[in-house]
Each structure stands twice: as structure tokens, then as C-alpha cells.
A.B. asks: 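Sending over a structure as C-alpha cells; questions will come in a sec.
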Amino acid sequence: MKTLWFVLVLLLLASTCPQASWRVADANAQSPLQLPGSSEPVADQPAPIDPSQIEARLASLRRRLVDLGVSTGATDTARARHDAAVRDRLLRIELLLSEQEALAKPAESVDAKPTIEAPPSVSGLNALHESQESANSNRAQFEEDLKKRRTALDAAKTALDAAERARRAVRAQIDGQTQENPAAARDMVTAELNAEIAREELNLRTLEARTAKRRLDNAEVATVFESRIRRVKEALRKDEADPTADSAALAAREGELRRAREVVARRLVSADLQASAARSAVASLTQPASELVRIAEAMAARRDAVAREIDILDGQIERLELRRDLWQRWNDVLKTKRSSAMVSQWERETESAIRSLVENRILLEGNLTDLERRLATVVQQIDEETPDSDLRASLDLQAEALRRLRTTQREGLAALNFDHRLAERVLAEIRFDANRFDLRRYAGAFMGAVKRAWSHELTSVDDAPITVGSLALAFALFVVGLYFSRRGSSALATLCEKRFSLDPGAAQAVQTISFYLLLVAFTLMALRAIHFPLTAFTVLGGALAIGLGFGSQNVMNNFISGLILMFERPVRAQDLVEVDGNHGIIERIGARSTQIRSTDGRHIVVPNSFFLESNVVNWTLSDDLIRTSVVVGVIYGSPTRLVEKLIRQVVEEEPKVLSKPAPVIVFEEFGDNSLNFRVHFWVKARSPMETRTTQSLVRFRIDDLFREHELVIAFPQRDVHLDTVAPLEVRVVGPGKPKLPGSA
């Protein structure tokens, strides 16, 4: 029985739906879905988005819903769930077809192009400009809408392909099993309905894309308005304008505003009476209830809102005079042969009007924001009160007044923006003159472009925008900071060296440390200029520490070593040091390395860590005093006391030899060939060459003085001993090659 029922349902659905929606072989037999501009379907096979086709499918679907409602009532749980799922899918298809029917109907309001023919007047010319800006804005919106519709259409095509594949897979899987397997029949019905939903979804997206394309094609373009604007301007220049059009437009607008003001004034009288009555009721009681006080406050706030509405309307009426002046000035600019002085005066007056309008707009926008907050607060208070309380009724009146005030403020803001755009157009017309090169106009346009580029947002960090201007300002601050850091640290080192008598090494340390401090300060200022949150350095500092720990060990080691050298000062600038047998003077202790100028003119770059990890001889750590010595030997038999006296005389007379500490003369030893004396003395020198020069002078003087006293400086001697046990053989040979003894 169950099997028979499912077969009947399947046959019913197959007989009532369009053939193309249920037959697998005809699944792709429909006409291709067309977009505007593509080829039309053939005449004997209408497109599925044709209004008649949509209407036929919708009628067929509604009959299916009626038949399904008649056949429901089964007691089987699985069949009941299936019936509900089928009904939901059919209702979804009905909704899609209804939307298609609405879009497929001819829409003259969409297809017809607007025709705006402004009268030859300044007010009509301004209306053309307004329509041009609106058309440009609408065209951009239509282009964006068409792009979205085409994206949705592509997605619908993909969904239809997936649904058809799933339907074919189910059909192949249950081929011939629907008679014996009710579940297979239900799966087949579900797959067919899913495919039909996907097809109708594709039809709807096609209609939406076609409608969006039609709107875009029918949208007015800027060139249409430009031609009309040129015609109106030409009519105004020829004095062919309607003299009453501008006055009539202003009179109509003023009449609307005054009628609106009269209505608001009547409300103000009523609100004032109610506020006075509430205030009198509160004043008549010694201790009025809090609800009564709040009612009086609500009535007073309502009266203030109505009074504020009148002020806004009065402001709009007063600004109509400005609008009249602007229209008249625009008309004069187009018609009058003007002088440079007159143009300058018009330009100044129009710029002043624009500044005033901008200030009023900012004020009105702020008031509107404050009004929104007040209205939200009153609405919240209304929700907290009981429906039948007097306070709730008073709050309702206050909320109604605030809503009307909000509407009036929005209308006033729209009118103010209208006047601002009008003033901008008049100013542009004033600045434009075909007979002269308007430098100010071009300069203003250039400055406007520069300002827009300057304020262009590149990115944001923690909701703080980083613009081109802030980035350029930060870079400029960093460059200026780098310059002033160098100059400032150098000036500080010079001041400390002269005023506080610091040695060159200490002054150089002060310069380096102050340079880093100033550079960090200017860098922080540059980051603040671009609104860069300094809290980001928390994460950045951790990452930097890890990077330095693994990848920059030597660099950080030398940097920290440089700081230690500056503070501990085991070596300083201008110190004479000996590094790996090389003597030199320290020229500069940098962040990573130290520069040494050797005595022979070479530059030696030594890492800072070397001075802390290796043995370095500092000849001038505490002072410039160096002890040196000269050795001299005399022959045996020389008077030793006289030798000592003469050596002492030499070192005492030499000006480069220090008297304190006093020189020391030592009779060192009886050598192989001489009596050796060594004189130790102190000199003040900052290089080994100065020490050697002093030693040379002492030797010259010793040699001269010993010659005067006939003292002989010893030199190496050798004794030759002859074996005289046997007589020496002496032979005289003639010319020729000498013969050795014992030779033939």
C-alpha cells in the first residue's frame, strides 16, 4: 500500500510540473538564460524568464500545492516528514516565481529616461548641476549593483550545475527501484525539487542582472547634462533668461518655510501652555512627587524642542537672502564685463559665505548628533514606564517633539548643503576666466589635490589612521632629529670638555650617549606624529629580543661592550694603546667597534668586546709618563765612577728627561767585552716614537761626552790562540797557483 501511494505521488508531480523540470533527458532543453546584450532565444522556444513562461510555471506550481494539500494526512512518520519537506520546497519555488513575475513585468519608470529641461535661469542652471551630481552618483551605484548581480548569477549557475549532477546521480542509483523502494522514490522527488529550485534561482538572478543592466543603460551620463548646462549658460550670457524664474523659485521656497513655521508656532503655544501648567503644579506643592517633577521637565524639554525647530526654520528663511545674492552674482559673472578688482571682491565675498556655511553645517551636524542621543534616552525612559502612567504620556509628547525637530534639522542640513554647493559653483565660475590665466584658481586646485593626497589613509594601527601626511611628517621629524642629535651631542661634548674640564675620552663618551638618547627621543616623537601606538613595542620588543639573542649575538656583545667602555673607561679616546703588538692612538669608540690610528698611519678597527676579553696595554691610562732606559758599555780599565758621572750629566741636561722621578744609573755587569751601564729615566710621551727619539738624543750626547773624556765605548772582541808546540812552516812560492802543504 505504501509503495502504491509513493508511485501515485510521483506520477502526480510529474504530470503537473513542466516537462523540462522533471525529465532527466530534457533537463537542459530550456533556452539558455540570456543577459541584456546577448543573443535572443529562438522564436519557437521562449526563454524561461519570459513573463508568460513565468506565469505558466507559477499557475502550475499553485495547482501542485493544492493537490499536495489534498493528498496529505498520512500516518506514517517518514511520509509525513517527506510531505512537509516537499511543501517547503514548493513554497520556496513559489516565492522565487513571484519575485521573477515582479521583475519580468514592464517597468516604464525604470526604462524611461528622465527628461530634465531647466528654464534659462540661474536657479534652473543650479538645478541642472544638482541633477548632474545626482546622476553621477546613481550611475556609480548602478555599476556596483550590476557587478553584484553578475556575481550572484555566476553563483546560481554553479549551484544549478551541482543540483543537476546530484539529481542525475540519484536517478542512476535508484534506476528501476521506485516500485519496490519507497525511500528511493522520496529521494528522487527531493532531488528533482532541489534541481527545480536551483533553476528558478538562476532565472531570478538572470532577471535581476537584466534589470540592473537596464538601469545602468538608461542612467543619465555627465555629457548629457554638460550640453544642457552649456546651452543655459549661453542663454544667460545673451540675456535670454526668464527674469521671474529665480524670484518665483525663492518666493515658493519662502512660502513653504513660512507655512511650516506657522504650524510649528501653533505647536509652540500649546507646548508653552502645557509646560507652564506643569511648572505651576510643581510650584504649588511643598514637596512635589518625583513623577510630577519629571513631567514638568518633559514638558519644558518639549517646549524647548519646538522653539528650536522655529529657530531652524528662521535660519533657513534668512539664508534665502544669501541664496538670492549667490544667484544674482552668478548671473552677473556670466553677463557682466568685469574688472579684476570686481572679480577679486566677488571672490572674497563668496569665500566668506562658504566659510560661514561650513561653520553652520558643523554646528548643525553636532546638534543633530546630540539630538539623536537625547531621543534615544527619552525612548528608553518611555520603555521603562507603565503604559497608562502620566509620565509616559508626557515622555511620548517629548519624543514626538524631538522626532519633529530631528526631521526639521535634517531638512535644514540638506538646505544648507544645497547652499554650500551653490556657493562652490559660483566661486568656481568667478575664478574661471577665459581671457586671463588665473593663478589662484590653479593654485587652489593644486593645493586641494595636495591636501587630498596628504590626508590619504594608507593603513591603520589600533584604529589609528596612518596617512601620507603623517608618514611624511614622521620621516621629516626623524631626519631632523638625526641632524640635531648629531649637532646637539657634539655641542654638549664640547661644552662639557671646556666648562667642566673633561678629558677628550670623557667628552667623547658624553657625545655618544647623548646622541643615542636624543635619537631615541626624536624617534618616539616621529612615531607619535603618525599615531603609532607605543604599546606595540611590547610585542615588537619581545620579537626583537629573540632575534637579537639568536641572530645578533656578536653585534649586541660589541654594543654592550661599547657602553661598558664608555662608562668604565679602561680605554678612552686619545689614549695610547698596544693591541696585538700594534701601537696606536684611539680615535673613536663607536657603538660596535673602536677606531685606532697606529703610529705608522694605519687605521685599525677593533671590536669593542676585544678590549674586555683580551690583554690590552694602555700606555696613557692614568698619565703620559713612560719609563725607558739606555745601555752603554765601556772597555775594561775605564774609570767607572767617571762613566757614572758623565751619564748622569747627560740625562740631567736633556730637557725631555724628567727630573722626577730621578734617573737611576746601574752598573749592570762585567760583560765579555765591556763594562755595562744602564740608565733608567722617565719621559712624557704619547707614542713609542717620542720615546725612541728621547733615547736617541741621550745616546748622541753620551757618545759626544765620552769622546771629550777619551772614554772608549767597547765593541765585541775575539782572541786568536796559536798552537806553537811544532815549528811553523813558512814557504815562499813563485808566481802561479799556490800549492797546499803535502801536495805533489
A.B. asks: Pairs in or reaching into residues 273-284: which pass salt bridge (Lys or Arg N to Asp or Glu O under 4.0 Å), with residues at least two apart or in two chains?
C.D. replies: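 Output for this query is empty, none listed.
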A.B. asks: Check whether more than 12 heavy atoms from other residues, nucleotides or ligands sit under 6.0 Å from atom CZ of Phe475, and answer yes or no.
C.D. replies: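 Check fails, neighbour count at 12 or below.
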A.B. asks: Of the options Glu411, Glu400, Glu372, which is the one that meets Arg406 in a salt bridge (charged side-chain N to carboxylate O under 4.0 Å, His left out)?
C.D. replies: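 Testing each of Glu411, Glu400, Glu372 against Arg406, the sole residue satisfying salt bridge (charged side-chain N to carboxylate O under 4.0 Å, His left out) is Glu372.
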A.B. asks: Could you report the tightest heavy-atom contact between Ala415 and Arg323, atom names first, then the distance?
C.D. replies: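 Answer, listing the atom of Ala415 first, then Arg323: O-NH2, 4.0 Å.
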A.B. asks: Taking Glu365's backbone N and O only, do any of them form a donor-acceptor pair with Thr369's side chain (distance below 3.5 Å, no angle check)?
C.D. replies: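 The answer is yes, because a donor-acceptor pair under 3.5 Å joins these two groups.
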A.B. asks: Does CD in Glu55 sit with more than 12 non-hydrogen atoms of other residues, nucleotides or ligands closer than 6.0 Å?
C.D. replies: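 12 or below, so no.
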A.B. asks: How close do Ala423 and Thr350 get, counting heavy atoms only, and between which atoms?
C.D. replies: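 The pair with the smallest heavy-atom distance is O-CG2, 3.6 Å.
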A.B. asks: I'd like to know whether Arg89 forms a side-chain contact (heavy atoms from CB on, under 4.5 Å) with Glu196, so could you lay out the CA-CA distance, the side-chain angles of the two residues, the decisive distance to 0.1 Å, and finally the verdict.
C.D. replies: CA-CA 9 Å; Arg89 286 173 169 79; Glu196 186 175 359; over 6 Å; no
A.B. asks: Stepwise, does the side chain to side chain donor-acceptor pair (under 3.5 Å) test hold for Arg392 with Thr386?
C.D. replies: CA-CA 7 Å; Arg392 183 186 179 97; Thr386 57; over 6 Å; no
A.B. asks: Step through the shown structure and confirm whether more than 12 heavy atoms of other residues, nucleotides or ligands are within 6.0 Å of CG on Asp390.
C.D. replies: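 It does not: Asp390 CG has 12 such atoms or fewer within range.
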A.B. asks: Between Ala209 and Leu146, which heavy-atom pair has the shortest distance, and what is it?
C.D. replies: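 Closest approach of Ala209 to Leu146, heavy atoms only: O-CD1, 3.7 Å.
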A.B. asks: With no hydrogens and no angle check, just 3.5 Å: does a side-chain donor-acceptor pair link Arg302 and Gln274?
C.D. replies: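 Checked: Arg302/Gln274 side chains pair up, N/O donor to acceptor below 3.5 Å.
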A.B. asks: So which heavy atom on Glu200 is nearest to which on Gln100, and how close?
C.D. replies: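 In this case the closest contact between Glu200 and Gln100 is O-NE2, 2.7 Å.
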A.B. asks: Looking only at heavy atoms, what is the nearest atom pair of Leu204 and Leu96, with distance?
C.D. replies: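 Heavy atoms only, the tightest pair is CD2-CD2, 3.7 Å.
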A.B. asks: Over all heavy atoms of both residues, which pair between Glu291 and Leu391 is shortest? Give the atoms and the distance, please.
C.D. replies: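 In terms of heavy atoms, the two residues are closest at OE2-N, 3.5 Å.
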A.B. asks: Above 12 or not: heavy atoms from other molecules or residues under 6.0 Å from CZ of Arg92?
C.D. replies: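 Counting neighbours around CZ of Arg92, 12 or fewer heavy atoms of other residues, nucleotides or ligands fall under 6.0 Å, so no.
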A.B. asks: Quick one: does Leu357's side chain get under 4.5 Å of Arg319's, heavy atoms only?
C.D. replies: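 Side chain of Leu357 against side chain of Arg319, heavy atoms only: contact under 4.5 Å found.
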A.B. asks: Please output the side-chain donor-acceptor pairs of residues 375-385 that fall under 3.5 Å, not counting sequence neighbours, one pair per line with the distance.
C.D. replies:
residue: Thr377; atom: OG1; partner: Arg373; partner atom: O; Å: 2.9

